[in-house]
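Here is the structure we will look at, set down as structure tokens.
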There are 2 protein chains.
Amino acid sequence: MKRKTFGPVTSQQVAQIAGVSQSAVSRTFTPGASISPATREKVLKAARELGYRPNAIARSLNTARSRIVGVVMSYFDNQFYPQVLEALAQKLDELNYHLLLFVGDRDGNVDRIFDQIMQYRVDGIVLASVSLSIELSEECLAAGIPVVLFNRDDENGIVSSVNTDNEAAARQIAEFLLAGEHQRFAYVAGIADSSVNIARQAGFVSTLRSKGVEDIRVVQGNYDAQQTSRAARELFSSPQPPDAIFAANDHMALTVMDIARYEFGLRIPDDLSVIGYDDTGPSGWPSYALTSASQPVDEMVSATVALLMKQIESENIEPEQLVVKGALIVRHSARRPRSGVIEKDGLSLFQPQEVE
Amino acid sequence: MKRKTFGPVTSQQVAQIAGVSQSAVSRTFTPGASISPATREKVLKAARELGYRPNAIARSLNTARSRIVGVVMSYFDNQFYPQVLEALAQKLDELNYHLLLFVGDRDGNVDRIFDQIMQYRVDGIVLASVSLSIELSEECLAAGIPVVLFNRDDENGIVSSVNTDNEAAARQIAEFLLAGEHQRFAYVAGIADSSVNIARQAGFVSTLRSKGVEDIRVVQGNYDAQQTSRAARELFSSPQPPDAIFAANDHMALTVMDIARYEFGLRIPDDLSVIGYDDTGPSGWPSYALTSASQPVDEMVSATVALLMKQIESENIEPEQLVVKGALIVRHSARRPRSGVIEKDGLSLFQPQEVE
DNA sequence: CTGAAAGCGCTTACAG
DNA sequence: CTGAAAGCGCTTACAG
């Protein structure tokens, strides 16, 4: 078998120059390994000379730990996800883990991607805006690979998840709009069978119903700008258009606002109130000033990474469903109720049941 | 040495069940390898039973090809970059390559990240909004790892790059604003020593100067929303505020627009024209309708991937500086000149020198 | 077409 | 603390 003599420097070459064994080189680059300062110095000197870097791939093969976390993500046009990705990459990096990125098909088919992820023997998997079939969940469990669903629930309870309390937040949004004395409600739904959509829709609609509201329309935005535009036009073209809209995420809420203002000449919040979910970047821009239920990216990501690490290190995968606390951030896209809005850390929040 | 008996299935185990050699298993999963249909079937059957997936890490060690491309990216709040990332991940995936993501420090220090990337023996590197020291460039060259700077130039000419023609586009923007009969100009600069900022500033300022314009202010936005806000306030608070602003990217341009409208009550484009660079998502939203020099993400990414693949496969790293053609997309954030704006594919473009 | 075997670049028990 | 050696899970010349 021919072997090329150039290419990246190996520990063997360093050993030769340093006049020590290859094991000594390895130990020098293994934190906590038993090596004398003198040997260590010799090795480091030779390594520096040759420009040696340990081969992480070879190390992985030995340790059965790749220090790679596979991440599947979609919806990059919804700023929530890039923000999550940035935070994830940074937090993993701090722990000396690395992030192998996969873009999910919008049709939610993860099988092909999954195969790729598994081939790289990742130590953990984060699925953002993707759900996992029972078969694949069980395969991960069997293989000992922790999986965290980010912003999606696992209805089977096999893998872990990190979410905000979608249903509670949606209930609060309904109460906020009711307190603002709105009359005609609409919900712009995300993909119908996504867990967060189900929870948000249920919380919103059930709360309105329980207060005797009958005028509730549901249209499908499906987390897509085009479809949301169409849905919004449909709403605003109807004889009695809604005066209060909750969109299942900010990205759709912003689209609804633009259609309302620029195609139908509606004033926000005078003619129409709009509320979103995520509290992502553009929602805070003055052009929108969107009132929105927050999903605290840093906390959610920290929880995700902590969970992953715990499971990787313990080699014991006990699925956990984590819920991170969000808040209803009140800005100017929705008429404010007379009471219940408080100021905190420079933000306005809706906290009606706050008792002193 | 103890070896655990559980964990991922190995080719050895498949071989045993299938009643063939381990080599036969390997060949079954190596496209183009010499294997009889009968053996192949036996192997596939056993593999299916056991849930076998080839170990990409082990394969990498043999082939000296990880099929991983390292990507360093920052500025996730500027939608241009998430869009680039999504396209990159998708295009690489189509070629059965994978994307290891690193978040660049805003201070542009890539050394620590670089060490990580190299340890994973990536087959190629894409640096978005990051530049590379001569030392590291040469190390990559020596190691035979192709590097593409994305949206940054390599002043040393050691590594490749993919850009639009920043200087030409900036000249065109100056001409557009001159043709619109603006009087007082300002440039909101990105990080002063970033190659794209240098080119955009040079093209803009030199063109204005050559036409006798003296009233040109330059303020630093440094690709940062906070700093851009401050810079914008400074401009609008001055006795003779500008009536035409070119911001080095869309993200800063949008911030400038918000400050102008909501803090200073300026009407756009009546009181003020704003132009950006990137033509990224939010620029097309009706609330902004930003006139902007486009950077065609798909073409730039395709060019990047093609370049990378060529260099990986040829094992010959000849640096190339690619320039992708953009256009000045005319919307409503800047007063239009009387002539020079043409319609094409549903977009308005500025093409003054177009001769029939 | 097939199998035995060497080797990829490391880690890590083992014996000293 | 150190080195020789086995082994991680594959690929691939080699000989048949």
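Per chain, numbering begins at 1; letters A, B, ... match sequence-line order.
Which of D:dC10, C:dC10, C:dC8 sits closest to the side chain of A:N62 comes down to C:dC10. Listed candidates were D:dG9, D:dA5, D:dA4. Nearest to the side chain of A:Q22 is D:dA5. Distance from the side chain of B:N55 is smallest for D:dC10 among the nucleotides C:dC10, D:dC10, C:dG9. Among the nucleotides C:dT12, D:dC10, D:dA4, the one closest to the side chain of A:T63 is C:dT12.
For A:I57 and D:dC8, the CD1 to P distance is 18 Å, given to the nearest whole Å. Spacing between atom CZ of A:R65 and atom C1' of D:dG9 amounts to 17 Å, rounded to whole angstrom units. Rounded to whole Å, atom P of C:dT12 lies 12 Å from atom CG of A:L61. We find that CD of B:Q16 is positioned 15 Å from C1' of C:dG3, with the value rounded to whole Å. In this structure, the CZ atom of B:R53 is 17 Å from the C1' atom of D:dC10, given to the nearest Å. Taking atom CD on A:Q119 and atom C1' on D:dG9, their separation rounds to 13 Å, with Å as the unit. Atom CD of A:Q13 is separated from atom C1' of C:dC10 by 13 Å (rounded to the nearest Å). Rounded to an integer number of Å, the gap from CZ of A:R67 to P of C:dC10 is 17 Å.
For the P atoms, the distance linking D:dG16 with D:dT12 amounts to 22 Å, nearest Å. Here, D:dG9 and D:dA13 have their P atoms 23 Å apart, quoted to the whole Å.
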Output side-chain donor-acceptor pairs under 3.5 Å for residues 137-149 of chain B, partner residues at least two apart or in another chain, one line each.
from, atom 1, to, atom 2, distance (Å)
B:S137, OG, B:S133, O, 2.8
B:E139, OE1, A:R53, NH2, 2.9
B:E139, OE2, A:R53, NE, 3.1
B:E139, OE2, A:R53, NH2, 2.5

Return all side-chain donor-acceptor pairs below 3.5 angstrom for residues 298-309 of chain A, not counting sequence neighbours, or 'none' if the list is empty.
from, atom 1, to, atom 2, distance (Å)
A:S302, OG, A:K91, NZ, 3.3
A:S302, OG, A:D298, O, 2.9
A:T304, OG1, A:M300, O, 2.7

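In terms of modelled atom types and a separation under 3.5 Å, the side chain of B:S36 and the main chain of B:T39 share a donor-acceptor contact.
With 3.5 Å as the limit, one finds a donor-acceptor pair spanning the side chains of A:Y223 and A:S194.
Using a 4.0 Å heavy-atom distance criterion, B:S23 is classed as a base contact.
Remark: A:S11 is in phosphate contact with C:dC10, judged by side-chain N or O atoms under 4.0 Å from OP1 or OP2. Not one side-chain nitrogen or oxygen of B:Y120 sits closer than 4.0 Å to the OP1 or OP2 atom of C:dG9.
Donor-acceptor pairing under 3.5 Å, judged by distance alone, is present between the side chain of B:R27 and the base of C:dG3.
Separating the OH atom in B:Y120 from the OG atom in B:S60 is a distance of 11.5 Å, to the nearest 0.5 Å. A distance of 12.0 Å separates CD in A:Q22 from CD in A:Q16, rounded to the nearest 0.5 Å.
The only option from B:V110, B:V72, B:L100, B:L136 that meets the side-chain contact (heavy atoms from CB on, under 4.5 Å) definition with B:I117 turns out to be B:V72.
Applying the side-chain hydrogen bond (donor to acceptor under 3.5 Å, both in side chains) rule to A:R112 yields the partners B:D93; only residues at least two apart in sequence or on another chain are considered. B:E320 pairs by the side-chain hydrogen bond (donor to acceptor under 3.5 Å, both in side chains) definition with B:K310, not counting sequence neighbours.
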### Message
Wobble G-U and Watson-Crick pairs count when both distances are under 3.5 Å; given that, what is the 5' to 3' dot-bracket string of DNA chain C, with | for pairing to other strands?
### Response
|||.||||||||.|||
### Task
Assess whether salt bridge (charged side-chain N to carboxylate O under 4.0 Å, His left out) is satisfied between A:E49 and A:K45, documenting all intermediate values.
CA-CA 6 Å; A:E49 261 172 42; A:K45 181 162 173 292; 3.5 Å; yes
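Listed in residue order, the members of residues 28-41 of chain B having a heavy atom less than 4.0 Å from DNA chain C are B:S34, B:I35, B:S36, B:T39.
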